[in-house]
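Just so it is clear, the structure is predicted and the values come from calculations on it, not from any experiment. Letters A, B, ... mirror the listed sequences (proteins, then strands); counts begin at 1.
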Number of protein chains: 4
Amino acid sequence: MSSTTAAEPRAPKLRADATRNRERIIAAAREVFVEVGADAPLDEIARRAGIGNATLYRNFPNRDALIREVALFVKARILARAETAMAEHPDAFDALQSFVHGAADEQLGALCPVISGRFDHNDPDLAEIRERLVVIVTELMERAQRSGGLRPDVAPGDIFVAISQLTRPLPGTACLDLSGFVHRHLQLFLDGLRAPARSTLPGRALTFEDFQQQH
Amino acid sequence: MSSTTAAEPRAPKLRADATRNRERIIAAAREVFVEVGADAPLDEIARRAGIGNATLYRNFPNRDALIREVALFVKARILARAETAMAEHPDAFDALQSFVHGAADEQLGALCPVISGRFDHNDPDLAEIRERLVVIVTELMERAQRSGGLRPDVAPGDIFVAISQLTRPLPGTACLDLSGFVHRHLQLFLDGLRAPARSTLPGRALTFEDFQQQH
Amino acid sequence: MSSTTAAEPRAPKLRADATRNRERIIAAAREVFVEVGADAPLDEIARRAGIGNATLYRNFPNRDALIREVALFVKARILARAETAMAEHPDAFDALQSFVHGAADEQLGALCPVISGRFDHNDPDLAEIRERLVVIVTELMERAQRSGGLRPDVAPGDIFVAISQLTRPLPGTACLDLSGFVHRHLQLFLDGLRAPARSTLPGRALTFEDFQQQH
Amino acid sequence: MSSTTAAEPRAPKLRADATRNRERIIAAAREVFVEVGADAPLDEIARRAGIGNATLYRNFPNRDALIREVALFVKARILARAETAMAEHPDAFDALQSFVHGAADEQLGALCPVISGRFDHNDPDLAEIRERLVVIVTELMERAQRSGGLRPDVAPGDIFVAISQLTRPLPGTACLDLSGFVHRHLQLFLDGLRAPARSTLPGRALTFEDFQQQH
DNA sequence: TATGAATGAGTGTTCATTCAT
DNA sequence: CATGAATGAACACTCATTCAT
């Protein structure tokens, strides 16, 4: 996944420190981005990670590089949620519901605006994980549509938009303020997704690409 | 509503410039806040309004005062949408749907995060318009629930959260990027609101006060 | 004294307003300069005088012109104090003491720093009143020296420096904070001025010109 | 006194730059405050110290923090003057005179208005040095009163007011303009302080606390 | 290599002065 | 002629990024 995974056999000791720093930075960055937003002071992230600011810059030459790593990290976790959901729920719509609520717990909504706009659509690492995510969510939805649980006029992009929008915290607020209600409104949206459709939707079904253009 | 509506017949001439500037500032502020967010440079707003920055400060001594006026302006328009919706649609759920889509067109979603947090809950002008909004939306929903169109386990706060979240643009993006799909996802949410309820919702119904605490 | 005293016979009515405005501005300026200092916002002076800011600028094209008028006004009052002191006190040193305490009451100390530095030494009105002040204070001091009350190694500039310095309020403070003690320290200084001299003074006696170079 | 005196032997190298900068900033601040006053542009201080403005802010997060350090620095030097004066002069009034002229040379007069008003009376460092100053000046004066050199109706506050007022430069002027005469007028004041008293003073003797309330 | 410090560009806000009514 | 409004320049302070140790 990461480009520094298996290469040089030398300097293994230094790497112990280095990778621990990387992880601490990414964790701190995720926290701070969720709380403060994409414009969070990088010094604050460094402080929260317990390192000097220049160390942060050594690991991630600019804000976008850091955001990229956070994106990779979070998408990997969301992918894992999808895999778990599919494995654990025999009913396809149940699996979809489980995935939606699980992705919300990964704070996808809080992080989408952070990532948004700064996205390098050609980044191979991101492309790979995105592709895997597309595949599994498409599979999840098609199963649910075939089983008659999910209305037929929706596509993966619709799901991701709903998750990211309905779970976004308000800026300047710690993420949890509305979170007591997040699952409630996701559930209302999921109820709207059930077959049979109760209305004719305007627009067209959103592909994952539509969503990715935004995020 | 506005304090400059019909009152003093004197000194209309001097006011001509001033009020035109005020209006231009508010319009520019709304635009810029929607596009850039609550931290938008005030100089940019001044530039967009075609005035000097100090003129902006003369009219609105600080950012919050400006945001307050934008809030008043937008809430007034949303109130008007609610009144229109109620008047024009004999079916109560239709009226509710019309209101929801109309409020989205007023960019409520874009402006909620702007207003959020900086809200002076004691401001009498804001309190008044908020109160009128509460009354009419409550009425709309209760009618729809009595007529069997709307599920009984939801309250006004749920509606406002949905509107504001599902219509929020991504930061750093002109508002319209997702807007082609906004009504689509609102419609999915509205489908989830229809009676009979297709699930048991977690949490409790949100009152308008719950929503206001956020916005 | 003023250059607008006796001239044009026309427009006497307008002048009534105009001169009342002038006086109110000067009074307000004196107050505000004493309270806030030489950098006081001119808008505050206009506000305190109950006029618009542009009216202030019409009367006094810039800060220095306003300060000049305040200087003239205050010096005229101090001159009057000197004349009164000389007339009322048979003993020359008593007269000097009376003058010193009286000048302090005119807030000379507060206003010297306002005036200082912006002085136009060629201004004929100021020159005239300055000259009259020099003459009378010199007379006061020479009498006191001849009568053996005042030590011989001091000159008018020494007196004025003492008054202005010992009565200066601290910046950012309303003038009166130390004022309970001003006369106390002036009195100590006056005790040091009495003959016979208790020390040999460093430097040379200050003329009024020495003082004027500062103020 | 200073928290960087003798303590940590580690990390002396990095500190070399930093402390040199701190010292240069304090020196420049003292200069500029004396010349321009408490409202001096901090950018000018940074420029004079030969550093970037943000470096100044890194060392002193706001104007008051900088003023505090200047106050500490200057008070320490004045305290040293008092100790020297007491040690070197067998006659108590001579010692007092030496202290007064010495404190004037430290530009106490110029800096009192800078410090004034922004004083945090609870600051422990400032409280400590203030206390030591009170003790030694009280001692100086009581000795001089016991030896019959100093009139009995004065107290430390009277001395400090005289020093600070008589040595204050005019704003907008380099401090030295009047300085040729400062010692002359201080000497006149000191002559007024000698026993026997030549008048009955109005008001009451000023304690150091009276003075501190101002500065 | 990791760090703390330095930097300069950017933003909010104030105020003296000018302009239009 | 008096006024309120408009203006731009100035300053405090923040933050991303670079440098020296």
Side-chain angles (χ1 to χ4, degrees), chain A residues 11 13-15 17-18 21 39-47 50-64 66, chain B residues 11-22 25 39-46 49-64 66, chain C residues 11 13-15 17-18 21 39-47 50-64 66, chain D residues 11-22 25 39-46 49-64 66:
Chain A
K13 201 168 190 183
L14 262 172
R15 202 165 227 159
D17 266 39
N21 273 348
D39 303 333
L42 296 194
D43 282 17
E44 166 66 14
I45 293 174
R47 206 187 53 69
I51 59 162
N53 59 351
T55 303
L56 190 154
Y57 276 92
R58 176 166 293 277
N59 282 279
F60 309 96
N62 51 44
R63 178 181 296 269
D64 288 358
L66 178 54
Chain B
K13 218 167 188 181
L14 260 176
R15 233 149 192 174
D17 262 43
T19 48
R20 241 193 43 217
N21 273 344
R22 265 187 82 86
I25 292 170
D39 303 333
L42 296 194
D43 283 17
E44 166 65 14
I45 293 175
I51 59 164
N53 62 349
T55 301
L56 190 153
Y57 278 94
R58 169 175 286 274
N59 283 277
F60 307 96
N62 51 46
R63 179 181 296 270
D64 288 358
L66 178 54
Chain C
K13 202 166 187 182
L14 263 172
R15 201 164 228 160
D17 266 40
N21 273 347
D39 304 332
L42 296 194
D43 282 18
E44 165 66 14
I45 293 175
R47 208 187 51 70
I51 58 164
N53 59 354
T55 303
L56 191 154
Y57 276 93
R58 175 165 293 277
N59 282 277
F60 308 96
N62 52 44
R63 180 181 295 269
D64 288 358
L66 178 54
Chain D
K13 219 164 185 180
L14 259 177
R15 232 151 195 173
D17 265 39
T19 49
R20 240 193 43 215
N21 273 345
R22 265 188 82 87
I25 292 170
D39 303 332
L42 296 194
D43 283 16
E44 165 66 15
I45 293 175
I51 58 162
N53 63 349
T55 302
L56 190 153
Y57 279 95
R58 171 176 285 275
N59 282 278
F60 308 96
N62 52 44
R63 178 183 295 270
D64 288 358
L66 178 55

>> Minimum heavy-atom separation for I51(B) and L56(B), please, with both atom names.
In response: CD1-N, 3.8 Å
>> If you assign Y57(B) and T55(D) each to the DNA chain E nucleotide with the nearest heavy atom, which residue ends up on the more 5' nucleotide?
In response: T55(D)
> Whole Å only: how far is the CZ atom of F60(B) from the P atom of dG12(E)?
Replying inline: 16 Å
> Among dA16(F), dT7(E), dA16(E), which is the nearest nucleotide to the side chain of L42(A)?
Replying inline: dA16(F)
> Checking all strands, does A46(C) fall into the base, sugar-phosphate, or nothing category for heavy-atom contacts under 4.0 angstrom?
Replying inline: nothing
>> Show the nearest heavy-atom pair for residues I25(B) and I45(B), with the distance to one decimal.
In response: O-CG2, 4.1 Å
>> Between G52(C) and D43(A), which residue's closest nucleotide on DNA chain F lies nearer the 5′ terminus?
In response: G52(C)
>> Just the rounded figure in Å: distance from P of dT11(E) to CD1 of I45(B).
In response: 12 Å
>> I need the minimum non-hydrogen distance between R22(B) and N59(B), along with the two atoms involved.
In response: CG-OD1, 3.3 Å
> If you look at every strand shown and take non-hydrogen atoms under 4.0 Å, does N59(B) touch a base, only sugar-phosphate, or nothing?
Replying inline: sugar-phosphate
> For DNA chain E, whose closest nucleotide is more 5', that of N62(B) or that of L56(A)?
Replying inline: L56(A)
> What integer distance in Å separates R47(A):CZ from dA16(F):C1'?
Replying inline: 17 Å
> Which heavy-atom pair separates Y57(A) from L42(A) by the least distance, and what is that distance?
Replying inline: OH-CD1, 3.4 Å
> Nearest to the side chain of N53(B), which nucleotide is it out of dA16(E), dG8(F), dA9(E)?
Replying inline: dG8(F)
>> Check this one for me: any side-chain N or O of R58(D) less than 4.0 Å away from OP1 or OP2 of dG4(E)?
In response: no
>> Checking base pairs now: Watson-Crick or wobble, both atom distances under 3.5 Å. What partners dT11(E)?
In response: dA12(F)
> Nearest nucleotide by nearest heavy atom, which residue falls closer to the 5' end of DNA chain F, E44(A) or I51(C)?
Replying inline: I51(C)
> Considering every strand shown, what is the Watson-Crick or G-U wobble mate of dA20(F) when both distances are under 3.5 Å?
Replying inline: dT3(E)
> Separation of L66(D) atom CG from dA12(F) atom P, in whole Å?
Replying inline: 11 Å
> Between atom CZ in R63(C) and atom P in dA16(E), what is the gap in whole Å?
Replying inline: 5 Å
> Which nucleotide sits closest to the side chain of P41(D): dT17(F), dA12(F), dT7(E)?
Replying inline: dA12(F)
